[in-house]
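Contents: one structure, followed by commentary.
Counting starts at 1 for both ligands and their atoms, following the listed order.
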Amino acid sequence: MITVSLLGAGNRGLDTYATIAQQEFDDVKFLCCIDEDPERLSQFQKRFGVSNESLYKSTDEFFLRPKQSDLLIIATQDTTHYELAKKALNKGYDLILEKPVALDVKELLELEELSNKLGRTVIVCHVLRYHKMWQMIKKIVDEGKLGKIITISHHENIGHYHYAHSYARGSWRKKETSGPLVLTKSSHDIDLLYYLVGSRVKRVASFGSLSYFHSENAPIGHGERCESCAVKKDCRYEGERMYTSFGGFYPLFTKNKYTRKAVREGLRSTDYGRCIYTMDHNVVDHQSSILEFENGVCATFNLNAFTRKMHRFIKVMCEYGEIIADERKIEVSTFDLQPLIKGFLKHILHLDRKIIKRIRLYKPWDVSKYFGHGGADRLFVKSAFESYRAKKESITPISQSVHSHVVALALEEARITGKTILIEEFIEYCSKNKTYRE
Ligand SMILES: NC(=O)c1ccc[n+]([C@@H]2O[C@H](COP(=O)([O-])OP(=O)(O)OC[C@H]3O[C@@H](n4cnc5c(N)ncnc54)[C@H](O)[C@@H]3O)[C@@H](O)[C@H]2O)c1
């Protein structure tokens with residue numbers, strides 16, 4: 001039996017991790033819940049049938065009590081993770097910890113050191129490492145048939161409407177209250193590159209800005225809120241259109257009530273009904289980065305809001321072949337085929353390569369299988385609890401996440417200063433100072 005407490009019963013904590021664990025395991029028992037929002041506590045209580053004494057409105061109240069369970073899941077918002085994780089480790093909990101682990105290099109290193117010193121397990125929610133596509137690419141790379149990786153080109157396509165929801169109007173819109181976009185959105189991507197390459201990053205350069213979603217691009221006659229906007233019928237980010245049209249974005253602000261009335265009420269009272277062009281957000285809407293790893297591999301990484309779809313796309317170029325993948329399919333080809341047709345024709349007909357594998361990850365109608373980060377949320381929960389039960393290291397231990405987080409922060413530093421940043425120097429500087437230069 002594994003006993004668990006849940007700190008932060010929101011979209012990730014309750015609706016994702018606890019729900020999946022309850023569906024997948026009979027021997028995982030949720031005992032306590034801590035959340036500032038009484039509605040979320042009551043939803044947890046209904047789902048897990050615990051007594052009122054097992055519900056806590058404040059973390060102070062919870063940490064005053066003796067250790068309540070083997071594991072604690074921390075799924076509150078970004079700025080709280082460091083303090084809460086530190087308290088929990090000192091209290092004796094092993095952790096399932098949401099990313100970002102912390103927002104500052106010093107704090108990241110401190111948490112890693114503390115968990116090592118106390119011998120605690122910390123499984124970081126880098127769920128994409130568990131995704132079918134990334135596991136398959138990792139296996140193909142490690143098999144070595146394509147030789148060593150030389151370069152990687154990776155794209156994180158945020159999706160323009162997802163950017164509008166989360167990064168212009170939502171919780172991750174300000175660097176000061178959640179961290180830079182390259183950390184909050186892309187610590188996953190940096191982590192995946194680190195996982196595939198299997199070597200630490202040596203140096204980085206990065207460029208990008210908030211180029212479009214600001215007041216200079218607001219349509220003439222726009223209002224402060226969509227409700228009262230004179231030009232809303234021509235705006236693709238108008239609230240009701242975004243959240244109630246077929247295929248629209250999930251109205252997470254309505255707390256699990258998906259009626260048109262609940263959406264209208266939510267749009268009236270929350271930031272999700274404010275004009276996207278005059279929001280107070282300051283995170284970039286595009287960022288292009290270059291990473292050189294210690295083993296010589298180079299990678300380019302494009303983070304971009306201006307895409308129709310929300311998906312990741314990668315090309316891994318190796319000594320004897322290449323892997324191209326886009327979350328729906330993986331194509332692996334080698335360069336070694338004897339030419340069937342000579343000359344230019346062979347080249348334009350693509351006969352100078354041999355496709356050795358074409359894997360369709362999902363059929364278009366398998367919607368339920370790719371729900372929740374392409375199915376990765378479920379695979380993560382299953383693997384995390386299984387490794388914990390077997391006392392084996394997880395696929396996403398804190399030691400690896402800390403490096404990807406540090407690299408993400410170095411990318412932001414490189415973007416701001418316009419300099420190439422050496423990771424070791426950056427770590428040394430930040431371990432004595434704050435992560436960002438004033
Ligand atoms: N791993 C991933 O792929 C992934 C995806 C999305 C979000 N996230 C991260 O997960 C975390 C949670 O995101 P979410 O979308 O579930 O947020 P959310 O707002 O839906 O949930 C957070 C919950 O924590 C509670 N809370 C916040 N501070 C608290 C405190 N000090 N004490 C007690 N309760 C507190 C809130 O009331 C809320 O119910 C964030 O850090 C986010 O960046 C990770």
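Neither the backbone nor the side chain of His126 comes within 4.0 Å of ligand 1, counting heavy atoms alone. Only the side chain of Tyr17 comes within contact range of ligand 1, with a heavy atom under 4.0 Å; no backbone atom does.
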Check the pair Arg389, Glu386 against salt bridge (charged side-chain N to carboxylate O under 4.0 Å, His left out), reporting the backbone distance first and the verdict last. CA-CA 5 Å; Arg389 188 199 287 122; Glu386 275 160 15; 5.3 Å; no
Quick one: do Thr417 and Glu413 satisfy side-chain contact (heavy atoms from CB on, under 4.5 Å)? Show the steps, please. CA-CA 6 Å; Thr417 59; Glu413 172 86 357; 3.9 Å; yes
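Counting only heavy atoms of the protein, atom 20 (O) of ligand 1 lies nearest to Asn11 N, 3.0 Å. At the top of the distance list for atom 41 (O) of ligand 1, counting protein heavy atoms only, stands Asp78 OD1, 2.5 Å. Nearest protein neighbour of atom 6 (C) of ligand 1, counting heavy atoms only, is Arg12 CD, 3.5 Å. Protein heavy atom in closest approach to atom 24 (O) of ligand 1: Gly8 CA, 3.4 Å. Regarding atom 21 (O) of ligand 1, its nearest protein heavy-atom neighbour is Gly10 CA, 3.3 Å. Remark: minimum distance from atom 34 (N) of ligand 1 to any protein heavy atom is reached at Glu36 N, 3.2 Å. In terms of protein heavy-atom proximity, atom 44 (C) of ligand 1 is closest to Glu98 OE1, 3.0 Å.
Of the N and O atoms on the side chains of Tyr17 and Arg12, at least one donor lies less than 3.5 Å from an acceptor on the other residue. Using modelled atom types, one finds no donor on one side chain facing an acceptor on the other under 3.5 Å when comparing Arg264 with Thr244. No hydrogens or angles considered: nothing links the side chains of Ser69 and Thr3 as a donor-acceptor pair under 3.5 Å.
Of the polar atoms of Gln77, at least one N or O is found under 3.5 Å from an N or O of ligand 1, judged by distance alone. No N or O atom of Thr80 sits closer than 3.5 Å to an N or O atom of ligand 1. For ligand 1, the polar-atom distance check against Cys125 finds a nitrogen or oxygen pair separated by under 3.5 Å.
Distances from atom 12 (C) of ligand 1 to the heavy atoms of Ala75, Ser171, Cys33, Pro38 show the closest one on Ala75. Counting only non-hydrogen atoms, the option in Thr76, Asp35, Asp37, Thr59 that gets closest to atom 37 (O) of ligand 1 is Asp35.
No salt bridge links Glu107 with Lys86; every basic N to acidic carboxylate O contact stays at or beyond 4.0 Å. The pair Glu240-Arg260 counts as a salt bridge, with a side-chain nitrogen and a carboxylate oxygen less than 4.0 angstrom apart. Salt bridge Asp70/Lys29: absent, no basic N to carboxylate O contact under 4.0 Å.
Within ligand 1, counting atoms from 1 as listed, the ones closer than 4.0 Å to a heavy atom of Val127 are 3 (O). Heavy-atom proximity to His81, at under 4.0 Å, picks out these atoms of ligand 1: 41 (O). Numbered from 1 in the order shown, with element, the atoms of ligand 1 that lie under 4.0 Å from a heavy atom of Arg40 read 39 (O).
The ring pair (Phe, Tyr, Trp, His ring centres under 6.0 Å) test with Tyr237 singles out one residue from His222, His162, His160, His165, and that residue is His160.
Listed here is the closest heavy atom pair of Arg169 and Arg274: NE-O, 2.8 Å.
In this structure, the separation between CG on Asp94 and CG on Leu89 is 8.5 Å, given to the nearest 0.5 Å.
The closest approach between His188 and ligand 1 falls below 4.0 Å for a heavy atom of the residue. Within the structure, the closest approach of Tyr56 to ligand 1 does not fall below 4.0 Å when heavy atoms are considered.
For Arg203, the CZ atom counts as loosely surrounded, since its 6.0 Å shell holds 12 or fewer non-hydrogen atoms of other residues, nucleotides or ligands.
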